[in-house]
There are 2 protein chains.
Amino acid sequence: MSQESPKRPRGTALREQVMQTALELFSDRGYFNTSIHDIRRAADVSIGAIYHHFGNKEALAKALYDDLLMHMERDIDEACFGRGNCADRCRAIIARLFESTAESPRMMQFVLLAQHREFLRDEPPICSSRPFQAMKQVVEDGIRNGDVRAIEPWVAASAMFGGALRMMQLSLDNALERPLATYLDEVFECGWRAIRS
Amino acid sequence: MSQESPKRPRGTALREQVMQTALELFSDRGYFNTSIHDIRRAADVSIGAIYHHFGNKEALAKALYDDLLMHMERDIDEACFGRGNCADRCRAIIARLFESTAESPRMMQFVLLAQHREFLRDEPPICSSRPFQAMKQVVEDGIRNGDVRAIEPWVAASAMFGGALRMMQLSLDNALERPLATYLDEVFECGWRAIRS
DNA sequence: GTCTATAATCCGATAGAC
DNA sequence: GTCTATCGGATTATAGAC
């Protein structure tokens, strides 16, 4: 019979194994409290393999960050797709963000709470990343067609989604009694009251 | 004449010099990107003096964090003092937070954005710190006396202040065109519309 | 209390075999 | 492509003089 023992991953599988392990460790302990040796051990690969695939520690974090931002952007695009109404879009975005927070807390922890600029020096602040720009865009469209009051777009976007983002942080900090999803209606209602015309 | 050259600080002055320097470096480059030697050089003191006063690097960060939280708590208490009305209190809190963000951006950067739990391992999440509890309390009082709709207190507090906190982050990231204070009216109006009864 | 010099450790990255 | 062994450097913390 062919070998039954758990094989060490190789090639693309190895690359993904390293990224997943890095995400776990980075979001649990933080980037600076995680050494390459820690990742090596937890992912059961060699140091050489990590450096072959990523070059250095910072590039590994960057690859992870880009991957997660892309994932988040796709989530938001999907939430908006087929909904022309501003309120519906905003609600769907919050619902999707809440789902992702519950399903992939480490992903959200890393994207939202990690201080990327501490280690990804040349990375722009997360507010200018595409997912956050997309959220602002939805609100701006609402202002243009009259669904939303005519206020400063940054203020409107912060009012619409700021409460939801704080609730996500609270959930990640285990400060909430109930699952995040159970607050969805109230959270959306608050955000929408804040900006609707 | 007595010596005119800039004296090295000693005693309590030294302690405060170290804390101020540490705040600057921590908030600019981050805790892990700042070494004790960096602080030593920037503050023009000796390593020995730093260890004498604080014991170790983590304790220095903790002392700084406690100091800033206390400062923030006092700001919020002062903003509430003499105002019995929920809306007035909330507005005054936001105004004070905006002022502090403009006057002491590094302080806000460190308190809000720094990932304390990465280095202050046993510190509770910031949402359970006294300043944030006080903000929640103001909203809960508003619910009790009918000024605020009867919704989950965490949701209400997040809706009232979440937008303001996001605007502070945007300001710290230099994403806003105008000074933070100029957005105060709109930001408060949004938050209040979100939760008023 | 403050200083300088140094110890002990750990980490990121590389070299070179396979 | 993947591995192990190791280097060079930086960092925290201590020792001991003053």
Side-chain angles (χ1 to χ4, degrees), chain A residues 3 5-26 28-65 114-116 118-123, chain B residues 3 5-26 28-65 114-116 118-123:
Chain A
Q3 54 182 356
S5 67
K7 266 187 297 192
R8 277 189 160 187
R10 296 179 67 86
T12 306
L14 183 147
R15 190 186 156 88
E16 282 175 17
Q17 166 103 355
V18 169
M19 286 183 72
Q20 172 155 352
T21 305
L23 172 59
E24 287 174 17
L25 296 178
F26 287 167
D28 284 359
R29 319 177 184 173
Y31 176 84
F32 289 102
N33 288 319
T34 304
S35 72
I36 297 283
H37 291 275
D38 292 335
I39 298 171
R40 183 210 69 74
R41 194 180 317 114
D44 189 31
V45 299
S46 70
I47 293 262
I50 295 176
Y51 277 92
H52 173 76
H53 280 281
F54 298 98
N56 60 41
K57 187 185 178 184
E58 190 177 318
L60 166 58
K62 167 83 170 139
L64 198 52
Y65 184 58
Q115 279 278 77
H116 314 104
E118 261 194 36
F119 47 93
L120 271 44
R121 306 244 174 128
D122 299 329
E123 198 69 15
Chain B
Q3 56 181 352
S5 66
K7 267 188 297 192
R8 276 189 160 188
R10 297 179 68 88
T12 306
L14 184 146
R15 192 187 154 90
E16 282 174 17
Q17 166 105 354
V18 169
M19 287 183 72
Q20 172 155 352
T21 305
L23 172 58
E24 287 174 19
L25 295 179
F26 287 167
D28 285 359
R29 319 176 184 173
Y31 176 83
F32 289 102
N33 288 320
T34 304
S35 72
I36 298 282
H37 289 276
D38 292 335
I39 298 170
R40 184 210 69 75
R41 195 180 315 116
D44 190 30
V45 298
S46 71
I47 294 262
I50 296 176
Y51 277 92
H52 172 75
H53 281 279
F54 299 97
N56 60 42
K57 186 185 177 184
E58 191 176 318
L60 166 56
K62 167 83 170 139
L64 197 52
Y65 184 58
Q115 280 278 79
H116 315 105
E118 262 193 36
F119 47 93
L120 269 44
R121 303 247 176 128
D122 299 328
E123 196 69 15

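Values below: every heavy atom of this structure, side chains too, minus hydrogens, waters and symmetry copies. To find a chain, count down the sequence lines: A is the first, B the second, and so on, and within it residues start at 1.
Contacts of B/Tyr31 classified as ring-ring contact (aromatic ring centres under 6.0 Å, His included), with partners at least two apart in sequence or in another chain: B/Phe26, B/Phe119. For A/Arg10, there are no salt bridge (charged side-chain N to carboxylate O under 4.0 Å, His left out) partners two or more places apart in sequence or in a different chain. Listed by chain and residue number, B/Leu69, B/Phe110, B/His116, B/Leu120, B/Glu123, B/Ile126 satisfy the side-chain contact (heavy atoms from CB on, under 4.5 Å) test with B/Tyr65 (two or more places apart in sequence, or in another chain). Listed by chain and number, the residues in a salt bridge (charged side-chain N to carboxylate O under 4.0 Å, His left out) with B/Asp28 are B/Arg106 (sequence neighbours excluded).
Here the C1' atom of nucleotide C/dG1 and the CD atom of B/Gln17 are 16 Å apart, to the nearest Å. Atom CZ in B/Arg41 sits roughly 15 Å away from atom C1' in C/dT4 (whole-Å rounding). As rounded to whole Å, 7 Å separates atom C1' of D/dG1 from atom NE2 of A/His53. With rounding to whole Å, A/Leu60 atom CG is found 16 Å from C/dC11 atom P.
The side chain of A/His52 contributes no N or O atom lying less than 4.0 Å from OP1 or OP2 of D/dC3. Using a 4.0 Å cut-off, no side-chain N or O of A/Ser46 falls inside it from OP1 or OP2 of D/dT2. The side chain of A/Arg40 places no N or O atom within less than 4.0 Å of a non-bridging phosphate oxygen (OP1 or OP2) of D/dC3. Considering only side-chain N and O atoms, A/Arg15 lies nowhere under 4.0 angstrom from the phosphate OP1 or OP2 of D/dG1.
Taking only side-chain atoms of A/Arg10, from C-beta outward, the nucleotide of D/dT2, D/dC3, C/dT2 with the closest atom is D/dT2.
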Name the atoms and distances for all side-chain donor-acceptor pairs under 3.5 Å in residues 46-56 of chain B, with sequence neighbours left out.
residue	atom	partner	partner atom	Å
B/Ser46	OG	B/Ala49	N	3.1
B/Asn56	OD1	B/Glu58	N	3.2
B/Asn56	OD1	B/Ala59	N	2.8

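Proximity of a side-chain donor or acceptor of B/Asp38 to a complementary backbone N or O of B/Thr34 within less than 3.5 Å is not detected.
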Base-contact (B) and sugar-phosphate-only (S) positions in nucleotides 11-18 of chain D, heavy-atom cut-off under 4.0 Å, - elsewhere: SBBB----

